[in-house]
Number of protein chains: 2
Amino acid sequence: MVTMLDVARCAGVSKSTVSRVLNNKNVVREEIKALVYKAIAETGYRPNLLAQQLATQKTSMIGLVITNEVYNGPFFSTLVYNAAKFCEQHDHRLIFADGKHSADEEINAIDFLVRMKCAGVMVYARHTPHAELEKIINESPMPVMILNQRLSVCPDRNIFIDHYRGGEIVMDYLLSQGHTHIAWIGGKMPSPSNTARQQAWRDNVHPDCAALVAQGDWSMESGYQAALTLIDGAAPFTAILAANDDMALGAIKALKDRGLRVPQDISVAGFDNAKIGHYFSPSLTTLDTPIEQMIQCAVEQIVGLSPDRPAQGLTGTLVIRDSVGPVPVLMPN
Amino acid sequence: MVTMLDVARCAGVSKSTVSRVLNNKNVVREEIKALVYKAIAETGYRPNLLAQQLATQKTSMIGLVITNEVYNGPFFSTLVYNAAKFCEQHDHRLIFADGKHSADEEINAIDFLVRMKCAGVMVYARHTPHAELEKIINESPMPVMILNQRLSVCPDRNIFIDHYRGGEIVMDYLLSQGHTHIAWIGGKMPSPSNTARQQAWRDNVHPDCAALVAQGDWSMESGYQAALTLIDGAAPFTAILAANDDMALGAIKALKDRGLRVPQDISVAGFDNAKIGHYFSPSLTTLDTPIEQMIQCAVEQIVGLSPDRPAQGLTGTLVIRDSVGPVPVLMPN
DNA sequence: GTGAAAGCGCTAACAG
DNA sequence: CTGTTAGCGCTTTCAC
């Protein structure tokens, strides 16, 4: 491996001079500069970023911790896509650490990124208790931003989406269409999004519906199964609200497979506004979750672009499409 | 920031002793070990990974360069999900660099990862000429694995999928259903997958179909538009083959919107076996691309688990579902 | 302007 | 077993 010293020798100057021309520090004489560049080209020198970052005490990496339960759905895709996009936009690089499926593993993942001296780290966690997160935030030399869950402390390290309000928005729409008996398909717990959305459902739905709950795990398949359970249950309903679009889509397939029409017989709505929802039949009514905004906000906070407190309580907007219709006159179930 | 020296002082030992207990080198006396652990706890010491990696000359990061054109579809999602999964499986971390949309930017991204001293880097590029890639492979001290395109050199740094053969498999099936007039919806160029698949289409389709080509950019929307163009064109056809599932799904929506039934009037097939294909109506016939295998192979090659030459010429398997049917007796168009 | 020398925080001989 | 001493490759005073 060719180091800065090799370049220096090759150019007949000192290490510091090479460093200077590379960093445009102090004015180096033009002729020497040329010599150095020539030597760099000849030797094929590539500065070692580990060494550089150790010396300068700063890096250009932004860490992202993510529980692998959100993996591999449109939500994950959007999250990562936007994280990478905004990082690059600010000349940083995204580095990943898998939070897997326990508090210990999440904490480990954060620890890795902190010890890598990332410029900042974004945490999309599920299991770690808030007290623990708070401790990490306070002990870490770089900003650690907690995404998608509301902390009672450290508001400037916290960007969350108001999923309760989001749930209300969708429920309001469902109610406005005359639905009173609305079933709920939940995502995998623990999850702040799921909890809040479910609460919004519970608080707004007819009290008879308490039993109209089926548990999924965010995947289409689980939505499919959950819907079957609901259909086979005793309680009648005219609409299904699923905690995300994937499950809503799975549910629609289940309804169709059982000969039920959407939305004529049963209406279905979801959350997150996955792209496919527009192309599905029927196209999916959903809440557009402001993931992009959330990530942008986090990245800008880390790179120090937005001096003020990060945006909080983002809600998202309702996307009305075909999967929700007026309540049918006769309950089919 | 608390360093190893602080811990050493706190425990009343030398730096090397601390290092030893941390790395389980040489047997350190139990009582001293305890002292050190106590000091670590007291000081809240967190080892600096940059320093450690600089000193040991090895890192636990695996780099991934990816052109941002594949971003944000199911293909991207699967790629990143699996990359992260296999990295973690081998106790490594995934680090990202965006290849954006030009050869220069791709090379830059690779360079960053190389200079970060990643254990290895995986390159999913589109624009960089092979000669350039070859040069990078040879000059880099760590394995640089080129994914999804066939290099004429460096076979052990190259894992590709035989998209031509994959294309043939789908075409064979379409032909076996009696289709002769098959339209093609292509992805964004340049792309090795697209080129090879399109070639397979061209080599197997009826010569009359040369004009039955529409250009997309891999997105559902572009598939939708491409299908409209095809429908509005003069040439008749009974099937559409799209270079990926997203475009196939967009195309199906376009056909439906124009009152055409799939597959009764027009059959549609895609590539990649996106999860949603199973839930769509009609469910999508597609080729399951072995992305997971490709990534697994790359990661194992990097961590030195598979001593032999990496797998090459993976093809994938046909997933037969409902979007392709027998050719209709009367061409609808 | 440029070079020498002292770090950044850690590991790895080498003595003892 | 443990401490001392050099590095790893780069930046950054501080003199000249």
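Chain A is the first sequence line, chain B the second, and so forth, proteins listed ahead of strands; every chain is numbered from 1. The structure presented is a predicted model; accordingly, all values stated were derived computationally and were not measured.
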Check: B/N24 has an atom CG; how far is it from atom C1' of D/dC1, in whole Å?
Finding: 15 Å
Would you tabulate the nitrogen or oxygen pairs shorter than 3.5 Å linking the protein to nucleotides 12-16 of chain D?
unit_1, atom_1, unit_2, atom_2, d
D/dT12, OP2, A/K25, NZ, 2.7

Notebook entry, point to check: Among all residues two or more places apart in sequence or in another chain, which pass the salt bridge (charged side-chain N to carboxylate O under 4.0 Å, His left out) test with B/E139?
Noted result: none
Item checked: Any residue meeting side-chain contact (heavy atoms from CB on, under 4.5 Å) with A/Y45, in chain and number order, not counting sequence neighbours -> A/V2, A/M4, A/V7, A/L22, A/I40, A/T43, A/P47
Next item on the list: Could you tell me which residues satisfy side-chain contact (heavy atoms from CB on, under 4.5 Å) with B/S140, sequence neighbours excluded, listed by chain and number?
Entry: B/V114, B/I136, B/M142, B/V144
Item checked: Phosphate OP1/OP2 of D/dG3: any B/S14 side-chain N/O under 4.0 Å -> yes
Checklist line | Side chain of A/M4 - closest among C/dT11, D/dG3, D/dT11 | finding: D/dT11
Next item on the list: Look at all strands and tell whether B/I32 reaches a base, only sugar-phosphate, or nothing, counting heavy atoms closer than 4.0 Å.
Entry: sugar-phosphate
Check: In this structure, which one of B/T289, B/T195, B/N194, B/N148 forms a side-chain hydrogen bond (donor to acceptor under 3.5 Å, both in side chains) with B/H163?
Finding: B/N148
Next item on the list: List in chain and number order the residues that pass salt bridge (charged side-chain N to carboxylate O under 4.0 Å, His left out) with B/K117, two or more places apart in sequence or in another chain; answer none if no residue qualifies.
Entry: none
Next item on the list: May I ask you to list the residues of residues 41-49 of chain B, by number, that have any heavy atom positioned under 4.0 Å from an atom of DNA chain C?
Entry: B/Y45, B/P47, B/N48
Item checked: First encountered from the 5' end of DNA chain D, between B/Q57 and B/E31 -> B/E31
Margin query: List the residues meeting side-chain contact (heavy atoms from CB on, under 4.5 Å) with B/A109, not counting sequence neighbours, and say none if there are none.
Written below: A/R93, B/V65, B/A97
Item checked: For B/K25, side-chain contact (heavy atoms from CB on, under 4.5 Å) partners two or more places apart -> B/R20, B/N23
Margin query: Using OP1 and OP2 only, check whether a side-chain N or O of A/Q52 sits under 4.0 Å from D/dT11.
Written below: yes
Margin query: Among residues at least two apart in sequence or on other chains, which ones pass side-chain hydrogen bond (donor to acceptor under 3.5 Å, both in side chains) with A/E134?
Written below: none
Check: How would you list, by chain and number, every residue that makes a salt bridge (charged side-chain N to carboxylate O under 4.0 Å, His left out) with B/D111, sequence neighbours excluded?
Finding: A/R46, B/R115
Checklist line | Listed partners of A/R9 passing salt bridge (charged side-chain N to carboxylate O under 4.0 Å, His left out), at least two apart | finding: none
Item checked: Helix axis bend for the helix from C/dG1-D/dC16 to C/dG16-D/dC1 - C1'-based end axes, five pairs, 10° rounding -> 40°
